[in-house]
Amino acid sequence: AQKITQTQPGMFVQEKEAVTLDCTYDTSDPSYGLFWYKQPSSGEMIFLIYQGSYDQQNATEGRYSLNFQKARKSANLVISASQLGDSAMYFCAMREALNQFYFGTGTSLTVIP
Amino acid sequence: DVKVTQSSRYLVKRTGEKVFLECVQDMDHENMFWYRQDPGLGLRLIYFSYDVKMKEKGDIPEGYSVSREKKERFSLILESASTNQTSMYLCASRPGGASSYNEQFFGPGTRLTVL
């Protein structure tokens, strides 16, 4: 079974609108971390936001927030007030108790002016 | 700032050549990782290392080997390059410890083409 599932290969959003990128995960470890990364066309991976499995509140970082629903094993990324510079690939990732990270297949986001 | 550097941004090699991809990090991180990234497949872990001279296989180790002789350097080796190893290769590092926090810090990637 896939550890991380991103079901949206591509998404479009109007500039200044909010967009939600979906991520579901699969783990039996009680302690894990969830991460979102952004990869612009230049190729570098940029860390956006982190959510720990024991965190009670949803993580937020500026215009990014993580909608963490533990019972449903989902960790959706919400980008508010989209900007043209948000156009990129977005990857959801999970770290379990051991060191290994698991990445999803990514969602390509295009922001339309 | 954490810095992870990779020896080349672009590399073109011929089938059967031995290829070395070098990765260096400057933040004294215990853990280092090699991924390959292919369209529609996301990032797949090839190997990782949690200490000098230690290595662990990831999901797709076949056709690759690694070397970690010094803490700051993690090398990926393609013993005999094949066309199906044409890909983007990403190196990453992160601190050690039991905390599930600590994101991975990535290098800029090496786009390898095997002809």
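The sequence lines fix the lettering, A, B, ..., with proteins before strands; numbering per chain opens at 1. Excluded from the calculations below are hydrogen atoms, water molecules and symmetry mates; all remaining heavy atoms, backbone and side chain alike, are included.
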Visitor: Assess whether atom CD of Glu15(A) is packed by more than 12 heavy atoms of other residues, nucleotides or ligands within 6.0 Å.
Guide: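 Yes, CD of Glu15(A) has more than 12 neighbouring heavy atoms, counting only those of other groups under 6.0 Å.
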
Visitor: Side chain, backbone, both or neither: which part of Arg9(B) has a non-hydrogen atom closer than 4.5 Å to chain A?
Guide: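 Only the side chain of Arg9(B) comes within 4.5 Å of chain A.
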
Visitor: Please answer: with hydrophobic residues joined when any side-chain heavy atoms are less than 4.5 Å apart, are Leu21(A) and Phe68(A) in the same cluster?
Guide: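 Looking at the clustering, Phe68(A) is in the same group as Leu21(A).
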
Visitor: Examine whether an atom of Glu56(B) lies under 4.5 Å from a heavy atom of chain A, and if so say whether it belongs to the side chain, the backbone or both; otherwise answer neither.
Guide: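 Neither part.
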
Visitor: For Gln39(A) and Leu90(B): C-alpha separation, side-chain torsions, deciding distance, then whether side-chain contact (heavy atoms from CB on, under 4.5 Å) applies.
Guide: CA-CA 12 Å; Gln39(A) 187 182 43; Leu90(B) 291 165; 4.2 Å; yes

Visitor: Membership question, hydrophobic clusters at under 4.5 Å side-chain separation (ILVMFWY): are Leu34(A) and Tyr102(A) in the same one?
Guide: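 Per the 4.5 Å side-chain linkage, Tyr102(A) and Leu34(A) are co-clustered.
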
Visitor: Do Phe101(A) and Arg94(B) come close enough that some side-chain heavy atom pair is under 4.5 Å?
Guide: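 Side-chain contact under 4.5 Å: yes.
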
Visitor: Please say yes or no: joined through hydrophobic side-chain contacts below 4.5 Å, possibly via intermediate residues, are Val66(B) and Val24(B) part of one cluster?
Guide: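 No, separate clusters.
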
Visitor: Tell me whether Met11(A) shares a hydrophobic cluster with Ile49(A), the cluster being built from Ile, Leu, Val, Met, Phe, Trp, Tyr side chains joined at under 4.5 Å.
Guide: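 Result: yes, single cluster for both.
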
Visitor: Does a sphere of radius 6.0 Å around NZ in Lys57(B) hold more than 12 heavy atoms from other residues, nucleotides or ligands, not counting ones at 6.0 Å or beyond?
Guide: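 Counting neighbours around NZ of Lys57(B), 12 or fewer heavy atoms of other residues, nucleotides or ligands fall under 6.0 Å, so no.
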
Visitor: Using heavy-atom distances under 4.5 Å, tell me whether Tyr37(A) contacts chain B through its side chain, its backbone, both, or neither.
Guide: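 Tyr37(A) touches chain B through side-chain heavy atoms alone.
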
Visitor: Supply the atom-to-atom distance Phe106(B) CZ to Phe47(A) CZ, rounded to the nearest 0.5 angstrom.
Guide: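 Phe106(B) atom CZ to Phe47(A) atom CZ measures 11.5 Å (nearest 0.5 Å).
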
Visitor: Between Glu103(B) and Phe35(A), which heavy-atom pair has the shortest distance, and what is it?
Guide: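 Smallest interatomic distance, heavy atoms only, reads CA-CE2, 3.5 Å.
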
Visitor: Against chain B, label Ser108(A) side chain, backbone, both or neither, depending on which of its atoms sit under 4.5 Å from a heavy atom there.
Guide: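 No part of it gets close to chain B.
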
Visitor: Among the clusters formed by ILVMFWY side chains lying less than 4.5 Å apart, do Leu76(B) and Leu11(B) turn up in the same one?
Guide: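 Yes, because Leu76(B) and Leu11(B) connect within a single hydrophobic cluster, where side-chain heavy atoms sit under 4.5 Å apart.
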
Visitor: Of all of Met45(A), Gln6(A), Glu44(A), Met89(A), which one pairs up most often with chain B through heavy atoms under 4.5 Å apart?
Guide: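 Most heavy-atom pairs under 4.5 Å with chain B: Met45(A).
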
Visitor: For the interface with chain A, which of Asp59(B), Leu41(B), Leu43(B) has the highest count of heavy-atom pairs at distances below 4.5 Å?
Guide: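 Heavy-atom pair counts peak at Leu43(B).
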
